[in-house]
Protein chains: 2
Amino acid sequence: MTELEKGPLGRRRGRGARERILGASQQLFREQGINRTGMDQLCAAAQVSKRTAYQHFTGKDELVAEYLRRFDPDVMPGVFDRTDLTPRERLLAAFDMPASMPLCPYIAAAVELHDPQHPASRYAREYKVAIAARLAETAREAGATDPEQLGEQLALLIDGASARTRVTNSESFSTAAAIAAVLIDNAIPASAAGRADDGRDTAASAPVRAGGR
Amino acid sequence: MTELEKGPLGRRRGRGARERILGASQQLFREQGINRTGMDQLCAAAQVSKRTAYQHFTGKDELVAEYLRRFDPDVMPGVFDRTDLTPRERLLAAFDMPASMPLCPYIAAAVELHDPQHPASRYAREYKVAIAARLAETAREAGATDPEQLGEQLALLIDGASARTRVTNSESFSTAAAIAAVLIDNAIPASAAGRADDGRDTAASAPVRAGGR
DNA sequence: CGTTATGGATACCGAGCTGTGTACTTAACG
DNA sequence: CGTTAAGTACACAGCTCGGTATCCATAACG
């Protein structure tokens, strides 16, 4: 409710502590990773005393979990609500990642924390499953014969692009998007791409034409 | 040269230090991660004194890099040399991962170390590029129209399966293999898989070029 | 104005980490 | 056997980390 911390805050930095902490988390955890970011540094960046930080969060673990939860509204889910796009376009739009995306924070957290029971790891799992579900849902809208499968496939592509971008330090989302286009057109019987080939079976037969966009 | 450390070593633990250290690294770095494995614990597991460890490796960084280099001969590269398989089968065999594969160690190292300049991160990058190259090479053998693209695509699928298996804690390599099969068959003009569609030149004139963007 | 919740500064604790120094023991080999 | 390289045992330095305690300042609100 209190939106006052958004003010110029010129006089003082008080009262917006929690938001400032989470803001600094977004930046530091992504830039340096979770394990390499100490609470001291984080509090300094947030201009918050350590005491205050530990009054808002019982510990770093809880802070990390909350930090992950704050990603939701910003990135991925947005594309699913874009009514200006066809379902097929929405599926492909999920591969338009901002360049400022070093590594999907959910994957990063799962790897860094290395404990599947950690609240943040649990949430990362839930999130990944939810994204796959939304992809599947959109795939159904697009008329895919097996939406669940297509959703899982596209989710895998996104994760692959994210991981590979990080490791090889080369943009991989375009490669993933290309694959996605193939899979989508293969999964939709009479594709909106207009290409009706004589049925038979799916996989090898359909020439793809990922032309859209 | 000394292969004597392979003996029963019943009497004492001396003399095989380096190998024991690397052996313990394989186990502990994978089970617990790199950052969460201290040199003390590692030396204890290897039954090696700390002093000895630091005589073999200048520091943990070097040990981690060497640990990564030791993965090569075991896993992936093996499939490329299997002459009993057709090129297409070899490409698909790359997706047969042992269940004991929590997360590709190269991805894990790149994420955990979080420093692209770290020797281990550099090596991880080289390795990933090399694997993509070998996939491309095999793709060429298999007759793919654009082997480089197919190689990169398959590499992305492998990384995606690895990352997703870790985060969602559910086997994803079968999904990746299914996608791979589609991509391979789409990329090979008249597939060696016996799936002859009626000659008509699909790939030549109706290019599969999924590569939009 | 006065009260109170919130936040700030800072010192500190205990633990774990990488890495070293010192002195001793043992295995390998001629 | 004697030499030498390899390994052992263990303490310790120096640092960072997560988390706590104490004391003080101030902003919000009646």
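Just so we're on the same page: letters track the sequence lines, and every chain starts at 1.
Rounded to whole Å, the distance from NE2 on A/His118 to C1' on D/dG18 is 12 Å. In this entry the distance linking CD of B/Glu19 with C1' of D/dG7 reads 15 Å, nearest Å. A/Asn35 places its CG atom 14 Å from the C1' atom of C/dG16, with the value rounded to the nearest Å. D/dC17 atom P lies 8 Å from atom CD of A/Gln41, rounded to whole Å. For the pair B/Gln55 CD and C/dG19 P, the interatomic distance rounds to 15 Å; values are reported in whole Å. Counting to the nearest Å, the P atom of C/dG16 and the CZ atom of B/Arg36 are 13 Å from each other. Straight-line distance from the CD atom of B/Glu62 to the C1' atom of C/dT18: 14 Å, rounded to whole Å.
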Worked verdict on A/Arg20 versus A/Gln47 for side-chain hydrogen bond (donor to acceptor under 3.5 Å, both in side chains): CA-CA 8 Å; A/Arg20 267 178 290 141; A/Gln47 288 187 298; 5.4 Å; no
side-chain contact (heavy atoms from CB on, under 4.5 Å) evaluation trace for B/Leu22 with B/Leu63: CA-CA 8 Å; B/Leu22 289 168; B/Leu63 171 59; 3.9 Å; yes
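When the C1' atoms of four end pairs are superposed on the next four at each end of the helix from C/dC1-D/dG30 to C/dG30-D/dC1, using five pairs per end, the two resulting axes differ in direction by 20°, to 10°.
For A/Arg20, no side-chain nitrogen or oxygen approaches OP1 or OP2 of C/dT6 to under 4.0 Å. Residue A/Ser49 places no side-chain N or O under 4.0 Å from the OP1 or OP2 atom of C/dG7. In terms of phosphate contacts, B/His56 brings no side-chain nitrogen or oxygen within less than 4.0 Å of OP1 or OP2 of D/dA6.
Using the six-membered ring where Trp is involved, A/Tyr127 and A/Tyr106 have ring planes that are parallel, under 30° apart on the 30 and 60° scheme.
Neither side chain, B/Gln26 nor B/Arg70, offers a donor N or O lying under 3.5 Å from an acceptor on the other.
The salt bridge (charged side-chain N to carboxylate O under 4.0 Å, His left out) analysis of residues 123-132 of chain A, with sequence neighbours excluded, yields the pairs A/Lys128-A/Asp159. Under the ring-ring contact (aromatic ring centres under 6.0 Å, His included) criterion, the residue pairs touching residues 16-52 of chain A are A/Phe29-A/Tyr67, with sequence neighbours excluded.
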Show me the donor-acceptor pairs, under 3.5 Å and distance only, between side chains in residues 37-45 of chain B and residues at least two apart or in other chains.
residue: B/Thr37; atom: OG1; partner: B/Gln32; partner atom: OE1; Å: 3.1
residue: B/Thr37; atom: OG1; partner: B/Gly33; partner atom: O; Å: 2.7
residue: B/Asp40; atom: OD1; partner: B/Lys50; partner atom: NZ; Å: 3.2
residue: B/Gln41; atom: NE2; partner: B/Gln32; partner atom: OE1; Å: 3.3

Quick one: side chains of residues 151-158 of chain A, donor-acceptor pairs under 3.5 Å with protein atoms, not counting sequence neighbours, listed by atom name and distance.
residue: A/Glu152; atom: OE2; partner: B/Arg164; partner atom: NE; Å: 2.9

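With the nearest nucleotide of DNA chain D identified for both B/Arg18 and A/Thr37, B/Arg18 has the one nearer the 5' end.
Taking 4.0 Å as the cut-off between side-chain N and carboxylate O, B/Arg88 and B/Glu141 do not count as a salt-bridged pair.
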All N/O pairs under 3.5 Å across the protein-nucleotides 19-22 of chain D interface:
residue: D/dG19; atom: OP2; partner: A/Tyr54; partner atom: OH; Å: 3.2
residue: D/dG19; atom: OP2; partner: A/Lys60; partner atom: N; Å: 2.8
residue: D/dG19; atom: N7; partner: A/Lys50; partner atom: NZ; Å: 2.7
residue: D/dG19; atom: O6; partner: A/Lys50; partner atom: NZ; Å: 2.3
residue: D/dT22; atom: O4; partner: A/Arg51; partner atom: NE; Å: 3.3

